[in-house]
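Chain letters run A, B, ... following the sequence lines, proteins first and then strands; every chain starts at 1.
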2 protein chains.
Amino acid sequence: MTNQKKLVLDFLRRDTSHPTAEAVWENVKKQLPQISRATVYRILDNFQKEGVIRVLETKPTRFDGQIEPHQHFICNNCGKIFDLKEEKVCRCLRDGSNMVSVGKVHSFNVNFYGLCQNCQTESDDNLNNKL
Amino acid sequence: MTNQKKLVLDFLRRDTSHPTAEAVWENVKKQLPQISRATVYRILDNFQKEGVIRVLETKPTRFDGQIEPHQHFICNNCGKIFDLKEEKVCRCLRDGSNMVSVGKVHSFNVNFYGLCQNCQTESDDNLNNKL
DNA sequence: TATTAAATAGGAATTATTATTATTTAGAAG
DNA sequence: CTTCTAAATAATAATAATTCCTATTTAATA
């Protein structure tokens, strides 16, 4: 754990605004002025892969130091991003009520990630061949 | 409706692979070689705002000519993108079954869009002031 | 402490997208 | 069917976001 990594992680766990990579860099620079932008990008990428932080599917990408299951509400007007607890998300999607604690939902978008049937079969095959 | 717009829309309604802007451009060029990349970007943007097409929250952005409510399953291995009917999405999120018709869900990400309480109140105020 | 593999800094390069502007065109009006 | 005009387009420059490259530095451990 380098100093750079520690500062990035500390910042993300403190700042709940879902900052961009650029914003993380700007802020960490206050404590470590020579830190490189590329370093911040790489650290964010690694933390993400390790499951230590989470990325938001926004443009530009935003980052979240909180990894307990939750989703996001993005205000179409002010752009602010709010956290939504997982159970509220499910209720909202289930019974189509568009009112949630933080506002009124106009639309939503879900991306599922996993293994498609083809790729599942292939990885099963590979496993079998090794036995 | 210009020829450029027609060709872009026709292509997106025919191609179900959720192409990138670049891919749309490459394909439409086959029929209209002088079409500009910037034109494709602008047309895609306009169609999106009109609700004629849909954008996927991917990097790079992908486009979908099908606008009936549905969500997407992205294979972590091959990268292929599958459509998921809305009711399957809800069932999957509701009872946590991670098997869907197209594969096995490892994770998902939801973005809600709408008006936060502050912005809702503001727009109500504006309305009231006009009465 | 010396060693070394891994990480970083700084900047170049790349990718995706948007802006600019001169030219062209679709569609209205005559 | 022509002429007109606002809107759309082509070509390219510019910007934004991210990744790549490589010489240098550093954390961890022998």
Side-chain angles (χ1 to χ4, degrees), chain A residues 1-12 15 17-65 72 74 76 79 81 109 111 113, chain B residues 1-12 15 17-65 72 74 76 79 81 109 111 113:
Chain A
M1 174 69 72
T2 62
N3 194 225
Q4 286 82 340
K5 284 185 189 176
K6 206 177 83 54
L7 290 172
V8 167
L9 191 53
D10 284 354
F11 173 70
L12 272 183
D15 184 293
S17 73
H18 311 90
T20 62
E22 188 75 10
V24 173
W25 181 59
E26 292 290 354
N27 278 281
V28 172
K29 259 203 308 191
K30 291 172 188 167
Q31 295 171 262
L32 187 66
Q34 78 274 21
I35 193 170
S36 160
R37 190 187 265 115
T39 299
V40 170
Y41 273 95
R42 186 177 25 73
I43 288 173
L44 290 171
D45 196 49
N46 289 341
F47 278 161
Q48 177 206 155
K49 283 172 184 158
E50 295 162 14
V52 172
I53 64 169
R54 197 168 145 193
V55 308
L56 274 66
E57 294 179 318
T58 52
K59 276 180 39 173
T61 304
R62 290 172 171 274
F63 298 86
D64 197 337
H72 298 99
I74 302 168
N76 285 331
I81 300 176
N109 199 43
N111 281 167
Y113 295 91
Chain B
M1 173 69 74
T2 64
N3 194 224
Q4 286 82 341
K5 285 185 187 174
K6 207 178 81 56
L7 290 172
V8 166
L9 191 53
D10 283 355
F11 173 70
L12 273 183
D15 184 292
S17 73
H18 310 91
T20 61
E22 188 75 10
V24 173
W25 180 58
E26 292 290 355
N27 277 280
V28 172
K29 258 204 306 191
K30 291 173 189 168
Q31 295 169 263
L32 188 66
Q34 78 274 22
I35 194 170
S36 160
R37 190 188 265 114
T39 299
V40 171
Y41 273 95
R42 186 176 26 72
I43 288 173
L44 289 171
D45 197 49
N46 288 340
F47 277 160
Q48 177 206 155
K49 283 172 183 159
E50 296 163 14
V52 172
I53 65 170
R54 199 170 142 190
V55 308
L56 275 66
E57 294 179 317
T58 52
K59 276 181 41 174
T61 305
R62 291 173 171 274
F63 297 86
D64 196 337
H72 298 99
I74 303 168
N76 285 330
I81 301 177
N109 201 40
N111 283 344
Y113 295 90

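Across all non-hydrogen atoms, the minimal contact from A:Asn109 to B:Glu57 is ND2-OE1, 2.9 Å.
The CG atom of A:Asn46 sits 9.5 Å away from atom CD1 of A:Ile53, with the distance rounded to the nearest 0.5 Å.
When rounded to the nearest whole Å, the span between NZ of B:Lys49 and C1' of C:dT18 equals 11 Å. In this structure, the CH2 atom of B:Trp25 is 16 Å from the P atom of C:dT18, given to the nearest Å. With rounding to whole Å, B:Met1 atom CE is found 18 Å from C:dT25 atom P.
Judged by distance alone, the side chain of A:Trp25 and the main-chain N or O of A:Thr39 form no donor-acceptor pair under 3.5 Å.
Side chains of B:His18 and B:Asp64: a donor-acceptor N/O pair is present below 3.5 angstrom, by distance only.
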Sugar-phosphate atoms are those with a prime plus P, OP1 and OP2; base atoms are the rest. Using that split, label each nucleotide of nucleotides 7-22 of chain D B, S or - for protein heavy atoms under 4.0 Å, 5' to 3'. -SBBBB----SBBB--
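Partner of B:Asn27 under the side-chain hydrogen bond (donor to acceptor under 3.5 Å, both in side chains) criterion, chosen from B:Lys30, B:Gln31, B:Lys29: B:Lys30.
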